[in-house]
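Here's the structure, in structure tokens; my notes come after.
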Amino acid sequence: MRKKNKGVLILIIVLVLLLAVYFGLRSWNVSQEEKEEAEQEAATVHVTDTAAEDIVSLKFNVGNGDLEFSKEDDKWYYTPDKDFPLQQSYPEDMAEAVGSITADRELTDGDALDAYGLDDPAYTVEYTDAEGNVTELLFGDMTGDDYYAMISGSDTVYTVGGSVIEALNYSLEDMAQLDDYPSIGSGNLVKEVITQNGETTTYNSEDEDQAEDIAAVAGGLGAVTLSEAADYSVEDEDLDMYGLDEASRITVEGTYTQDDEEQLLTLYIGNEDGNGNRYVMLNDSRIVYLISDEICDNILNN
């Protein structure tokens, strides 16, 4: 019995020693990783070091025209037109990119600015933080995949990755948040009501005599894609330009089923644009879209 107890004691001691070695090695590995991270951070040259959430405005032109965005109450807006339907992910990613630029190289005792294209910068990017501090970044010539860059008012020239400019390289149209459009077809279209010039036409899926008509208008509604816009934030006084004012427009109300529940789509159809399209709007949207004449004709069963 004593031998058995002695064996168990030895096993316990060995286990304790192994656990001590394990946790010792784990602690050492963690400290080494922290040390390496600290060394890497110390060696990193920060051109800018502003938290994205602290940036409240952006202004730049990287080849897609002058763009300016501002943030109010944690929401980003296109500054010249606050009604523009801006996808929030774009300015958020842009703020992240310009606020945390690191340099591949810091040039010391360099040449004159014209040697880097910084006397006449290719791009100028400006951002303002919540304290009102303005940072202006100048980007000059490319060197490989990098740009020569500097902060306005500083004498230090850096090379920075081209990913900074890539993060800003979007047109305003690219950043538009367009409306969602439902999936409609002959299988789920219940009814379509067309109102034009004070007259109403109804196509009902329960009317067997209208089976072909329902298939036609469902094909038109199902072919709609909201991908091209003529106006992203139309004012009420400008609706008549598109034939979308209340007196001129054609109103299409489509009742359809989705997840076994009836839904209503209201589509307004306006004038032709002269290029084979017509202006259309969804009921609660301020965006004027372009949809082909052919699709509109099918929707109207013309």
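Both backbone and side-chain heavy atoms feed into the values below; hydrogens, waters and symmetry mates do not.
Of the N and O atoms on the side chains of D81 and S233, at least one donor lies less than 3.5 Å from an acceptor on the other residue. A donor-acceptor pair shorter than 3.5 Å cannot be found between the side chains of T195 and T251. Counted by atom type alone, D146 and T143 present zero donor-acceptor pairs between their side chains at under 3.5 Å.
Neither V224 nor L244 shares a network with the other; the hydrophobic side chains, linked directly or stepwise wherever heavy atoms of I, L, V, M, F, W or Y lie under 4.5 Å apart, form separate groups for each. Under a hydrophobic-cluster definition in which Ile, Leu, Val, Met, Phe, Trp and Tyr are linked whenever side-chain heavy atoms come within less than 4.5 Å, directly or via other members, L107 and L137 are assigned to different clusters. One hydrophobic cluster holds both Y289 and F84 under the rule that ILVMFWY side chains link at heavy-atom gaps under 4.5 Å. There is no path of hydrophobic side-chain contacts, each under 4.5 Å, that joins Y232 to V288. Two different hydrophobic clusters hold V45 and V157 under the rule that ILVMFWY side chains link at heavy-atom gaps under 4.5 Å.
Side chain of Q177 to backbone of P85: no donor-acceptor contact under 3.5 angstrom is found. In this structure, the side chain of Y116 engages the main chain of D111 through a donor-acceptor pair within 3.5 Å. A distance-only check finds no donor-acceptor pair linking the side chain of E272 to the backbone of R278 [under 3.5 Å]. For D240 (side chain) and G243 (main-chain N/O), no donor-acceptor pair under 3.5 Å exists by modelled atom type. With Q88 contributing its side chain and W76 its backbone, the two residues share a donor-acceptor pair below 3.5 Å. No donor-acceptor pair closer than 3.5 Å links the side chain of T135 to the backbone N or O of Y127. Listed for the Y181 side chain is a donor-acceptor partner under 3.5 Å among the backbone atoms of L221. Side-chain atoms of N204 come within 3.5 Å of backbone atoms of E206 as a donor-acceptor pair (strictly under, hydrogens ignored). Between the side chain of D259 and the main chain of E261, no donor-acceptor pair closer than 3.5 Å is present. The main-chain N or O of E199 is never found under 3.5 Å from a side-chain atom of N197 such that the two would form a donor-acceptor pair.
Shortest non-hydrogen contact noted between L189 and I214 is CD2-O, 4.2 Å. Contact record, A130 with V56: CA-CG1, 4.0 Å, taken as the closest heavy-atom pair. For the pair D174 and Q87, the tightest heavy-atom approach, listed with the atom from each and the gap, is O-NE2, 4.3 Å. Shown here for S186 and A215, the closest heavy-atom pair between the two residues is CB-CA, 4.4 Å. Annotation for M150 and L113: closest pair SD-CD2, 3.7 Å, computed over non-hydrogen atoms. Residues L118 and G140 come closest through the heavy atom pair CD2-N, 3.4 Å.
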Would R286 and D179 count as a salt bridge (charged side-chain N to carboxylate O under 4.0 Å, His left out) if you check the C-alpha gap in whole Å, the side-chain angles of each, and the deciding distance to 0.1 Å?
-> CA-CA 10 Å; R286 305 307 301 174; D179 296 295; over 6 Å; no
Kindly indicate, with the supporting measurements, whether the criterion side-chain contact (heavy atoms from CB on, under 4.5 Å) is fulfilled by V252 and E192.
-> CA-CA 7 Å; V252 177; E192 180 185 89; 3.7 Å; yes
When you look at Q258 and N188, which way does the side-chain contact (heavy atoms from CB on, under 4.5 Å) test go after all the steps?
-> CA-CA 7 Å; Q258 181 177 298; N188 69 335; 5.7 Å; no
Report the C-alpha separation of M281 and V234 in whole Å, then their side-chain angles, then the decisive distance to 0.1 Å, and conclude whether the side-chain contact (heavy atoms from CB on, under 4.5 Å) test is met.
-> CA-CA 10 Å; M281 287 178 65; V234 66; 4.1 Å; yes
Step by step, work out the side-chain contact (heavy atoms from CB on, under 4.5 Å) result for R249 and Y242.
-> CA-CA 9 Å; R249 67 196 182 197; Y242 304 106; over 6 Å; no
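Counting heavy-atom neighbours within 6.0 Å of E294 CD, excluding the residue itself, gives a total of 12 or less. Other residues, nucleotides and ligands contribute over 12 non-hydrogen atoms within 6.0 Å of the CG atom of N302. In the displayed structure, K191 atom NZ is contacted under 6.0 Å by at most 12 heavy atoms of other residues, nucleotides or ligands. For CD of E212, the number of neighbouring non-hydrogen atoms (other residues, nucleotides, ligands) closer than 6.0 Å is 12 at most.
Here the CG atom belonging to L267 is positioned 10.5 Å from the CD1 atom belonging to I194, to the nearest 0.5 angstrom. Atom CD1 of I291 is separated from atom OH of Y279 by 13.0 Å, given to the nearest 0.5 angstrom. Taking CG of L67 as the start and CZ of F60 as the end, the distance is 5.0 Å to the nearest 0.5 Å. For the atom pair Y90 OH and L58 CG, the distance stands at 15.0 Å (nearest 0.5 Å). One distance of note links CG of D83 with OH of Y78; it measures 12.5 Å at 0.5 Å rounding. Note: I269 CD1 to I250 CD1 = 5.5 Å, rounded to the nearest 0.5 Å.
Contact annotation: the side chain of L226 approaches that of L282 to within less than 4.5 Å [non-hydrogen atoms, C-beta and beyond]. T102 is not listed as a side-chain neighbour of V47, based on a closest heavy-atom distance of 4.5 Å or more. No side-chain heavy atom of K71 sits less than 4.5 Å from a side-chain heavy atom of I55. The shortest distance between side-chain heavy atoms of L138 and T124 falls below 4.5 Å. Inter-residue side-chain proximity for I287 and L178 is flagged as met; some heavy-atom pair is nearer than 4.5 Å.
The aromatic rings of Y147 and F139 sit perpendicular, their planes meeting at an angle over 60°, well past the 30° parallel limit.
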